[in-house]
Amino acid sequence: MIRRILITLSFICATFVLGTNEPAAPKAAIDPLECCWTFGNHEPVSMYHRAGKRVTGGIEGSALWLEDWHGWFDSEASTKLMQELGLNMLHSRFYKGMGWQFESRDFPNVKRFVENCHKHNIRALAYVQFSTLYYETMLAEIPDLADWASVDENGNKRTYHGAYYRWLPCYNSPAFEAYLKKMISIALNEGSFDGIMFDNCDAPACYCPRCVTLFREYLAREQNPEHKFGIPTVAHVQPPPPQRPEYGEIKDPIYQQWILFRCERVTSLYRRLYQHTKSCKPTAIFSGNIQNIRRANMAGRDSLNMADLADCFDIFVSQSGNAPGITGGCIINRVRELKLARALGTPILALCDEDAGVTAEAEAKYILPLMEDTVFGGIPTDRTVIKPDRKMVSPELVAFRRPLLRRFNETVRAGREGLAATGYAPVQLLYSNESMLFSEQAHHAVLSAEEILLRNHVPFALLPASAAKPLAIPADCEVLLVCDQRCLSEAEVDTLVQFARRGGKLIVTGESGAYDPLYRQRRDNPLVKGLENCSSAICRSTADLAPIKSAAWTIKVAAPENGGKRLMADLAKTWSPILRIQAPAIVFAEVKRNDKKFYVHLVNYAGEPVARGIRIEFSEKDFGTPECTFAAPMENKPATSIIAKGIDTGWREIELPAFTEYAVVNIEAGHKVKLPAASRGTSRQ
Ligand SMILES: [Zn+2]
C-alpha cells in the first residue's frame, strides 16, 4: 500500500523572523514517516551532453540514448512504477542555470511529467540550480551576465568545481535574485509543482566590487570599530583572503566579520526566496541542498549558518559522503545530521551518495540507510532505483528492490507507533553556534562527545544555542553536557549556571565559557566561577577527544580514547538512568517513548549480523516488572515476548536474540508502576 504524504500548514499564529520585519510564512508540516523520496530525472539532456563525461547518476554525458530515456521518464511508465514501489516524493528537472530562454523549450515535457506525478500520488519539487550561470547559453539572453558572477580573491570569475563553462553566481547580485524569483513563480504558477528544491546552496566568498562595498557598509554599522577591531575606521578595509588553515581557531576580528557578513547576506537571500515561494503558493515546500549540515567550517567555507537557515527552509537537503557502515574503524553515519535537523525543527533529506547495486552485500547496504532515516528522523530515500539505464529502467535493480521496499513500507506502517513516538533524550549536548563558527576545537569536542554517547548507547539530543537568542533548556533534560563550547554569551552562561544551581546536572569540559561570542578571552571564566561548590555540576579543563579522520564531505570519527570512559564516569557520578543498553559499539540506539511505553530502536552498522546477547536493563523503581517484546521486522521476525529477569538490586534485564540490520524492543512498565510522564516540551528556564 502506498503511504500518503500528509502536508498541512499551521496558520495558528504569524511569528516574526528574527532580524527582519517581515512576518515568517508558516513552514510546511512534513511527516518523514509518510514520505519516501526518490530522484526524479533532475538534469536536462543538455546538461549531460555539455559535460560529455560521466556525470550525475554515473551516466556518460554524451550517451546517445539519453533522449530516449528522457522520453521514457516523462511518460507515465516511470511514475506508475514509482507508485508501485511506494515512492511518493521527488525533485524533477526544471531549471539548471542555462537561462530560461533556452531551458523553457523542455518545459512542456516537464509539465507533462509533473501531471503524471500527481496522477500517481507523487509530490514533485522543481529542481532549481543555485550555483551555476551557464554563460554559453545565458549570455544571449542576459548580455550583462558577467555582473552576476562571483569573483575570487584574485579577481577571476569563480567556476563550478572547475567547470570552465559554469560561472558561480554572486549571492549579492539583485538581478540574479530577481531571476531566481522568476523561476520560482514559473515553477509554481505555470508548472503546478508542489515546491522548490534549490541545489548547491553553498556560496563561497565573493570579492566583486559590489560585495566589497556591502562588506564595508556592514562593518560601518559598528559604532566603536577601534574597540572591536583595533582600528578607528573601516573605510579602507579589504575583505580577507581565504585563511590557512581553513578553519582552526578564528580570532581575527575582521575575518570573523567577513564570515558573519556573508552568512547574514546568504541567509537573508534564502529567507526572501522562501517568502517568495510561499507568496506564490502558500502550501509549497521550499527546500535546498545546503551540503552536509555537520561539516566543519560551513560558515567560513560556504557562508551557511545552520542555526539561522532553519527559518528559511521547510526541508534541509544535506548531501554528504556519510553512507552508513564501517570504514577503517570509523562508524560512518548520518545520525549527527539527523539529530541537528531535529533540534532545529526542520525535516531533513540526508543524501549519502550510496548506490548499493545488486551485489551479494547489497541488501544490508540498501536497508541500513532506510532504517537509519526511519529511526533517527530523516526522510527515507531510494536515490537510484529509477536511475538512467540503457533499458530505460534496470529490470534487475527493480526486481531486487521491489520486495525490500515492500518489506520496508510494511515495517514503517506496522511499527509506526514506536517510530513516531517522542524522542527520549535525558542527556543533551550543547551545540553553541558561535563556538561552531569560530572554533575547530569546539567542533572537534562535539563530534567526540557524540561519538562517546553513540558508542555507549546513551539516549541524547543536541541543544542548539545562539548568542542572539535566549537559551531554553528543555524540562526533560536531566544532564546537560557543555563540551569545550568556548564562545558563550553572558546570558548563555547565566542560564547554564542557573540550571545547575536549581539542581540540573551539568558537565562542563575544556574551555567552555572562557571566551565571549566573538572568541575574546574573558578575565575570569564566569561559567567555572558560577559553578564553584555546586554539587550538581562537574567542571574539568580537559575535553574528551576522539581521533577525527575527516570532518568534511564524510565525517569519520575513530574510537574515542579509552572508549570515552572519563565522560561516562562523569555521567555515572551525576545521573541515574532508568534504562541502560549493553551492546557492541557498532549498534546505535534511539530511544523513544510515550506515556505508556518505551521503544528502543537498534541499528546495526556492521556488515554482519549482531549475535545474541545485547542486554537492556531497567530500573525496577521506574519499570517494575516490565512487559517486553522484541521484533526484527525487516527479517520477518514479528514481535515476541521476552521475560525480564532480576539482576542487581533494583534492576531487571532482558537479553535480545540475534538480528541483522534493525530491531525494536517495546517496553511497557509493570502494572503497579507508572512511568514518569513524557515531556510536553516545556522549558525549565
Ligand atoms: Zn559579489
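Counting starts at 1 for both ligands and their atoms, in listed order.
Aromatic ring orientation, Phe73 versus Trp69: tilted (interplanar angle from 30° to 60°).
Around the Zn ion (ligand 1), protein N, O or S atoms at less than 2.8 Å number 4.
For Gln223, there are no side-chain contact (heavy atoms from CB on, under 4.5 Å) partners, not counting sequence neighbours. Scanning for salt bridge (Lys or Arg N to Asp or Glu O under 4.0 Å) contacts around Arg265 gives an empty result, with sequence neighbours left out.
Side-chain atoms of Asn297 and Glu440, non-hydrogen and from C-beta on, never get closer than 4.5 Å to each other.
Surrounding CZ of Arg520 are more than 12 heavy atoms belonging to other residues, nucleotides or ligands, all under 6.0 Å away.
Counting only residues at least two apart or on different chains, the salt bridge (charged side-chain N to carboxylate O under 4.0 Å, His left out) pairs with a member in residues 236-258 are Glu249-Arg486.
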